Engineer: 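Right, I'll just put the structure down here and ask away after.
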Number of protein chains: 2
Amino acid sequence: MKDTRTEILDVAEDLIQRMGINAMSYKHISDIVGIKKPSIHHHFPKKENLVEALLERCHIVYGDRYKAIIDRPETTPKKLRLLAGVFEEGLRSGKLCLVGTIGSDLITLQDKSRLILEQTIDSTVSIYTKAFMQGEEEGSLVLRDTPQTVAFTFFSFMIGAQITARAHGGIKSFHKATEVIISSWEAR
Amino acid sequence: MKDTRTEILDVAEDLIQRMGINAMSYKHISDIVGIKKPSIHHHFPKKENLVEALLERCHIVYGDRYKAIIDRPETTPKKLRLLAGVFEEGLRSGKLCLVGTIGSDLITLQDKSRLILEQTIDSTVSIYTKAFMQGEEEGSLVLRDTPQTVAFTFFSFMIGAQITARAHGGIKSFHKATEVIISSWEAR
DNA sequence: GAAAATAAATCTATCAGGAGGTAGGGTGGG
DNA sequence: CCCACCCTACCTCCTGATAGATTTATTTTC
């Protein structure tokens, strides 16, 4: 049995990914979790606390997930496709990457949340960077800029593609666009 | 002197681009425009009407703007950089492309708005497609997929890059990422 | 061209509902 | 006993939205 705090975070994450941070409310969460609204305030006194906890968790969980993919014994292009698969998986149920949704409402965030979001982008890009460095070393990728910059580009693209694909074309569009990006860096 | 309706649309657009569609309210608009809240309801009875009008206007205005860029007597890579410049310009004042912000809150939209958003993506991609076709013809671009798919990829990327760059790195990051994308398609 | 009628735009006042948030009372396990 | 957890009840503020009076333009009529 999951503890309530975790359950709240899970539901909140799901709701935010689907409808955005400002459309999600404590009422929504409490209805789904099956507890009353003030009980959520017991775990997360203010909404900003919830958002911070969520971003911090996302920072760790997805960081680990990306690392695990990149540490696999595969070619780099394959790894990039697996990374894209993580985003595709969310899209399959109409969910956006937290960095994307929350980032699009950046101004409504508290300073601390904004900072965590910034750090999350930073560390995600760092993790991706490793893959692109490997790709250059093993000769499977040909890059015209630094691995860091390319990693940022790749991450940015996937956040955008999730949004556009959800609104028009769905998974198929996302998949095709991903192929365009990755193949343009693939050595041939 | 601008008419009130246009002024409302201008202010609403600005607010949505900065803080997202669900954080923007009629009160915010009325305070800035300098009229009372119910006066906005006179022009746009329901919020969905405002959003529809906004998306329809965006559809036309930016469509024309993109077309104007693509019809210039420049090389295609230069045109792509000019298109990116439009997004960079918004970013300079912390504003996201309407398709990006509104798209990230897709679920909270009415069917009609969702449809217009879909059409906007579709027609924007069509306009971009023309540029990529020209690029292949003139030999300045080398693509590994159809111009349509590459156009969708490019648009998606810019929407995502606006979000990530606003949260981390700013215009400089956006610019560098744009260069990565465009140069990867540039013939050499 | 002045007056009257019509239409458009804005106002004040108000509403119901939902947002985040608080106070304080149970309840059950270490 | 105490502390963590969840509850009921409530508060304030803001949301989109409506009704109806008032003002401002525009048009029609004499």
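Note on naming: letters A, B, ... go to the chains in the order of the sequence lines (proteins, then strands), and numbering restarts at 1 for each one. The model shown is predicted, which means the values in this text are computed figures rather than measured ones.
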Engineer: Rounded to the Å, how far apart are N22(A) CG and dC14(D) C1'?
Structural biologist: 13 Å
Engineer: Rounded off to whole Å, could you give me the NE2-to-P distance for the H42(B) and dT24(D) pair?
Structural biologist: 15 Å
Engineer: Please collect all salt bridge (Lys or Arg N to Asp or Glu O under 4.0 Å) contacts where either partner lies in residues 129-142 of chain A, sequence neighbours excluded, each pair once.
Structural biologist: D71(A)-K130(A)
Engineer: What's the separation between atom CD1 in I181(B) and atom OG1 in T149(A), rounded to the nearest 0.5 Å?
Structural biologist: 12.0 Å
Engineer: Apply side chain to side chain contact (heavy atoms under 4.5 Å, CB included) to A151(A) and list each qualifying residue two or more places apart in sequence or on a separate chain.
Structural biologist: V125(A), Y128(A), T129(A), F132(A)
Engineer: Within this structure, what is the CZ-OG distance for the pair R166(B) and S173(B), rounded to the nearest 0.5 Å?
Structural biologist: 14.0 Å
Engineer: Under the rule for side chain to side chain contact (heavy atoms under 4.5 Å, CB included), what residues qualify as partners of N49(A), not counting sequence neighbours?
Structural biologist: F44(A), P45(A), K46(A), E52(A)
Engineer: For each nucleotide in nucleotides 12-30 of chain C, reading 5' to 3', give B when a protein heavy atom comes within less than 4.0 Å of its base, S when such contact involves only the sugar-phosphate, and - otherwise.
Structural biologist: BB-----SBBB--------
Engineer: How about NE2 on H175(A), more than 12 heavy atoms from neighbouring residues, nucleotides or ligands closer than 6.0 Å, or not?
Structural biologist: no
Engineer: Take atom CD1 of I35(B) and atom C1' of dT23(D), then tell me their distance rounded to the nearest Å.
Structural biologist: 15 Å
Engineer: Among all residues two or more places apart in sequence or in another chain, which pass the side chain to side chain contact (heavy atoms under 4.5 Å, CB included) test with V142(A)?
Structural biologist: A187(A), R188(B)
Engineer: Enumerate the residues from residues 8-20 of chain A whose closest heavy atom to DNA chain D is under 4.0 Å, giving them by residue number; use none for an empty result.
Structural biologist: none
Engineer: May I ask you to evaluate whether T4(B) reaches the phosphate of dT10(C), defined as a side-chain N or O under 4.0 Å from OP1 or OP2?
Structural biologist: yes
Engineer: How many whole angstroms separate atom CG of D3(B) from atom C1' of dA25(D)?
Structural biologist: 14 Å
Engineer: Quiz question: by atom type and distance under 3.5 Å, do the side chains of S25(B) and H28(B) form a donor-acceptor pair?
Structural biologist: yes
